[in-house]
Participant: 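Here you go, one structure.
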Amino acid sequence: MSAVAPTHEPSPRSRRATAIATVTVALALALVAVGLRRTTPPASGLEGERIAPVSLAVLTMRPHPDVQRVALGAPTGKPTLVHFWGPSCAPCVEEAPAIDALAAEADGAGFEVLTISAEDAPDIRELMLGKGLQFRVLHDAAGAAHTAFRVAAIPHSFVLDAQGVVRREFVGPQPTATLREALLAAR
């Protein structure tokens with residue numbers, strides 16, 4: 001004679017507890033999804049617009065009394081990548097070698113790369129020197145460029161055409177090829 005395992009029907013109390021747990025998990029997942037969607041910073045909405053020029057100091061790798069300034073947003077006659085970043089931003093630091101490579105090829109390719117950081121100058125210098133980075137950094141200590149470009153989070157990049165009109169905007173780290181293509185298309 002074979003033994004038949006008894007079937008166990010869950011009690012109403014057990015079914016109710018399972019249903020509550022399922023609904024709770026579903027709500028938690030929905031809240032996480034909404035929260036993740038909100039953590040992605042919004043685009044500035046500046047595509048197709050010209051930015052009013054902002055004058056920023058070029059950060060030298062050694063403190064120097066002579067300060068060179070750049071009028072960011074003014075027509076330059078060539079496409080320009082304007083890249084907002086900072087040494088305290090892990091994705092920015094990971095992306096920095098790619099930005100450096102793009103800046104190294106800029107003159108020969110007919111475009112310009114300008115990076116902007118609002119963080120402390122000694123921290124920027126330490127990272128640049130420590131990693132051997134050569135790209136030009138404009139120091140935005142007062143946040144004027146961040147305000148003009150409506151930058152809410154870094155890294156954040158803009159491609160301006162030769163007349164200073166924003167043609168593309170990228171929030172978050174980007175592949176070098178994507179930035180290069182946008183620069184070449186902005187000619």
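Keep in mind the model is a prediction, meaning the values are calculated, not measured.
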Participant: Which residue, L59, L133, T115, forms the side chain to side chain contact (heavy atoms under 4.5 Å, CB included) with I124?
Facilitator: L59

Participant: For the atom pair CG (D161) and OG1 (T76), what is the distance rounded to the nearest 0.5 Å?
Facilitator: 8.5 Å

Participant: Report yes if some heavy atom in the side chain of E119 is under 4.5 Å from a heavy atom in the side chain of S88; otherwise report no.
Facilitator: yes

Participant: Measuring only between side-chain heavy atoms, which start at C-beta, is L129 closer than 4.5 Å to M61?
Facilitator: yes

Participant: Looking at P173 and P91, what are the two nearest heavy atoms and their distance?
Facilitator: CG-CB, 3.8 Å

Participant: Between the main-chain N or O of V159 and the side-chain N or O of R168, is there a donor-acceptor pair closer than 3.5 Å?
Facilitator: no

Participant: Of all the heavy-atom pairs spanning L46 and A148, show the shortest one and how long it is.
Facilitator: CD1-O, 3.8 Å

Participant: Would you say V113 and W85 are hydrophobically clustered, going by side-chain heavy atoms of ILVMFWY under 4.5 Å?
Facilitator: yes

Participant: Quick check: does any side chain N or O of R136 sit under 3.5 Å from a backbone N or O of V58, one acting as donor and the other as acceptor?
Facilitator: no

Participant: Are side-chain heavy atoms of P42 and R150 found at a separation under 4.5 Å?
Facilitator: no

Participant: Checking D140 against F149 for the side-chain contact (heavy atoms from CB on, under 4.5 Å) test, could you report, in this order, the C-alpha distance in whole Å, the side-chain angles of both residues, the deciding distance, and whether it holds?
Facilitator: CA-CA 12 Å; D140 190 25; F149 280 86; over 6 Å; no

Participant: Just verifying a value: how many Å separate E95 CD and T176 OG1, rounded to the nearest 0.5 Å?
Facilitator: 7.5 Å

Participant: Would you call the rings of H156 and F84 parallel, tilted or perpendicular, where under 30° means parallel and over 60° means perpendicular?
Facilitator: perpendicular

Participant: If you group Ile, Leu, Val, Met, Phe, Trp and Tyr by side-chain heavy-atom gaps below 4.5 Å, do L183 and F170 land in one group?
Facilitator: yes

Participant: In Å, rounded to the nearest 0.5 Å, how long is the span from CE of M128 to OG1 of T60?
Facilitator: 11.0 Å

Participant: Please report the C-alpha distance between Q174 and S157 in whole Å, then the side-chain angles of each, then the deciding distance to 0.1 Å, and finally whether the side chain to side chain donor-acceptor pair (under 3.5 Å) criterion is met.
Facilitator: CA-CA 9 Å; Q174 299 299 313; S157 300; over 6 Å; no

Participant: For E49, look at atom CD and say whether over 12 heavy atoms of other residues, nucleotides or ligands are found less than 6.0 Å away.
Facilitator: yes

Participant: For the CG atom of L56 and the CG atom of L114, what is their distance to the nearest 0.5 Å?
Facilitator: 9.0 Å

Participant: Closest approach of A145 and V54, non-hydrogen atoms and distance?
Facilitator: N-CG1, 4.0 Å

Participant: Does a side-chain heavy-atom distance below 4.5 Å link D107 with K78?
Facilitator: yes

Participant: Do the non-hydrogen side-chain atoms of I99 and L179 ever get within less than 4.5 Å of each other?
Facilitator: yes

Participant: Donor-acceptor pair, distance only, cut-off 3.5 Å: does the side chain of D120 make one with the backbone of P122?
Facilitator: no

Participant: Does any part of the side chain of I51, heavy atoms only, come nearer than 4.5 Å to the side chain of F158, both counted from C-beta?
Facilitator: no

Participant: Less than 4.5 Å apart, any side-chain heavy atom of V137 and any of H139?
Facilitator: no

Participant: Considering all heavy atoms of both residues, which atom of S117 and which atom of H146 are nearest to each other, and what is their separation?
Facilitator: C-CE1, 4.3 Å

Participant: Would a single hydrophobic cluster contain both V166 and L138, if residues Ile, Leu, Val, Met, Phe, Trp and Tyr are joined by side-chain heavy-atom contacts under 4.5 Å?
Facilitator: yes

Participant: Might you point out which heavy atoms bring E112 and A106 nearest each other, and give the distance in Å?
Facilitator: CA-CB, 4.2 Å

Participant: Could you tell me whether the side chain of E169 and the main chain of A43 form a donor-acceptor pair under 3.5 Å?
Facilitator: no

Participant: Mind checking the CG-CG spacing from L160 to L72? Nearest 0.5 Å is all I need.
Facilitator: 7.5 Å

Participant: If I compare all heavy atoms of C89 with all of P155, which pair ends up nearest, and what's the gap?
Facilitator: SG-CD, 3.8 Å

Participant: Within this structure, what is the CG-CZ distance for the pair L81 and F111, rounded to the nearest 0.5 Å?
Facilitator: 8.0 Å

